[in-house]
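Scroll down for the structure; my scribbles are underneath it.
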Amino acid sequence: MLVEPRSGLLAAWGNALLAGLVSPDEAALAIVGEDAVHRVDGLPGEAGPVGLTLALGRLRGLGATGFRVALPVPGHPLGLSGPPDFNARALEAEEAVVAYGVPYGLVPEVTEAGPAGDLHVEVVWRVLPVREAPLADVPSLGEAERELAEALRDATAVLSRLDVAGSGPVAEAAMDAYRARAERGRDVLAPGYPPRAVRVLEMAQRVGLLVSVAYENGHGGAVSASEIAARGEALRPVERVARRAQVAAYNAYVEGGEVRR
């Protein structure tokens, strides 16, 4: 969770574009990030893949007034509303964007080529029909903030007891990467998002960092099977809470059927 999911970037900057806070070129540049190119395939009225700027404009013309994020994993269809085909594709990608105002969703298909450190990444967003229904298990910002505070406190206590929470070279490298990212600015969301959404997303990323460090540190001080199992039990609900908070933060732009401006 140290890097925003592509669906989060598309939803956040797509919302800023729809609200008139950024230009189409600014939105497309932010969404693509370090990838080589993004295309959108399956848009109504288009015979083949098109660029992001055209796609976002076309979705707006079709009636889209906002974009929301889904971050599903097996056993937790977070942010999904159906139908089964869209849910299955989103679950395979572990992310998707659901348009608000039109019955379409977008699922990224990522292609990578080249050696480590010099990857050429292309993304095709598949446009698929979605069911216009409440998204699964998405909390409010207030709920997400309370859950994060509790999860962080409980997980830190358990992981510290198991001696896996913050030591070793992998942990230090992860911490340094997070600090470097934080120093580059607080641009974790596009213009127009409420401060509370930014705060919740940053907290979710910190919780995600804790989980990553705990996993990457190997077994640490958890030398028995029961202690390893205890660590897993501590991490699973924390991961779930962090993902719920991410979705709540990205989706804060679209609340009560209206886009914040």
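When all heavy atoms of Ala136 and Pro77 are compared, the closest pair comes out as CB-O, 3.3 Å. Taking every heavy atom of both residues into account, Leu17 and Pro24 meet most closely at CD1-N, 3.5 Å. Across all their heavy atoms, Leu201 and Ala249 have their closest contact at CB-CB, 3.8 Å. Annotation for Ala96 and Phe86: closest pair CB-CZ, 3.7 Å, computed over non-hydrogen atoms. When all heavy atoms of Thr53 and Ala28 are compared, the closest pair comes out as CG2-CB, 3.7 Å. The two atoms that bring Ala70 and Leu80 nearest to each other are CB-CD2, 3.6 Å, heavy atoms only.
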message = Run Glu122 and Arg39 through salt bridge (Lys or Arg N to Asp or Glu O under 4.0 Å) and show every step you take.
response = CA-CA 8 Å; Glu122 296 187 3; Arg39 308 281 283 174; over 6 Å; no
request  = Begin from the C-alpha positions of Arg240 and Asp137 and carry the test salt bridge (Lys or Arg N to Asp or Glu O under 4.0 Å) through to its verdict.
outcome  = CA-CA 11 Å; Arg240 184 185 182 100; Asp137 199 36; 3.8 Å; yes
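Residues Asp41 and Val127 form no side-chain contact, since every pair of their non-hydrogen atoms from C-beta on lies 4.5 Å or further apart. A heavy-atom distance below 4.5 Å is not found between the side chains of Glu109 and Val123. A 4.5 Å side-chain heavy-atom check between Val98 and Phe67 finds every atom pair outside the cut-off. Between Leu91 and Pro74 there is a side-chain heavy-atom pair separated by less than 4.5 Å. Using a 4.5 Å cut-off on side-chain heavy atoms (C-beta onward), Pro103 and Arg131 make no contact. Side-chain contact between Arg243 and Pro72 is absent, with no heavy atoms from C-beta onward closer than 4.5 Å. Annotation: side chain of Leu56 is not in contact with side chain of Trp13 (no heavy-atom distance under 4.5 Å). At least one side-chain heavy atom of Pro44 sits less than 4.5 Å from a side-chain heavy atom of Leu62.
Note that the CD1 atom of Ile31 and the CG atom of Leu10 stand 4.5 Å from one another [nearest 0.5 Å]. Between the CG atom in Leu106 and the CG atom in Leu43 there is a gap of 7.0 Å [rounded to 0.5 Å]. Taking CG of Leu141 as the start and CZ of Arg146 as the end, the distance is 10.5 Å to the nearest 0.5 Å. Atoms CG and CD, on Leu148 and Gln246 in that order, are 9.5 Å from each other to the nearest 0.5 Å. With rounding to the nearest 0.5 Å, the separation of CD in Glu202 from CG in Leu189 is 8.5 Å. Once rounded to the nearest 0.5 Å, the distance linking CZ of Arg196 with CD of Glu145 reads 4.5 Å.
Scanning for side chain to side chain donor-acceptor pair (under 3.5 Å) contacts around Ser140 gives Glu143, with sequence neighbours left out.
Between the side chains of Arg244 and His76, no donor-acceptor pair of N or O atoms lies under 3.5 Å. For the residue pair Glu4 and Gln205, a side-chain donor N or O sits within less than 3.5 Å of a side-chain acceptor on the partner. Looking only at atom types and distance, the side chain of Tyr193 has a donor-acceptor partner in the side chain of Asn15 under 3.5 Å away.
Within the structure, salt bridge (Lys or Arg N to Asp or Glu O under 4.0 Å) pairs that include any residue of residues 51-69 comprise Glu46-Arg58 (at least two apart or interchain). Listed by first and then second residue, the salt bridge (Lys or Arg N to Asp or Glu O under 4.0 Å) pairs involving residues 18-37 are Arg6-Asp35 (not counting sequence neighbours).
In this structure, the side chain of Asn251 engages the main chain of Val69 through a donor-acceptor pair within 3.5 Å.
Cluster membership for Val32 and Leu119, using ILVMFWY side-chain heavy atoms within less than 4.5 angstrom, is shared. In the hydrophobic clustering of this structure, Val110 groups with Trp125; members are Ile, Leu, Val, Met, Phe, Trp, Tyr whose side-chain heavy atoms approach within less than 4.5 Å, directly or through other members. With hydrophobic clusters built from ILVMFWY side chains whose heavy atoms lie under 4.5 angstrom apart, Leu52 does not share a cluster with Val124.
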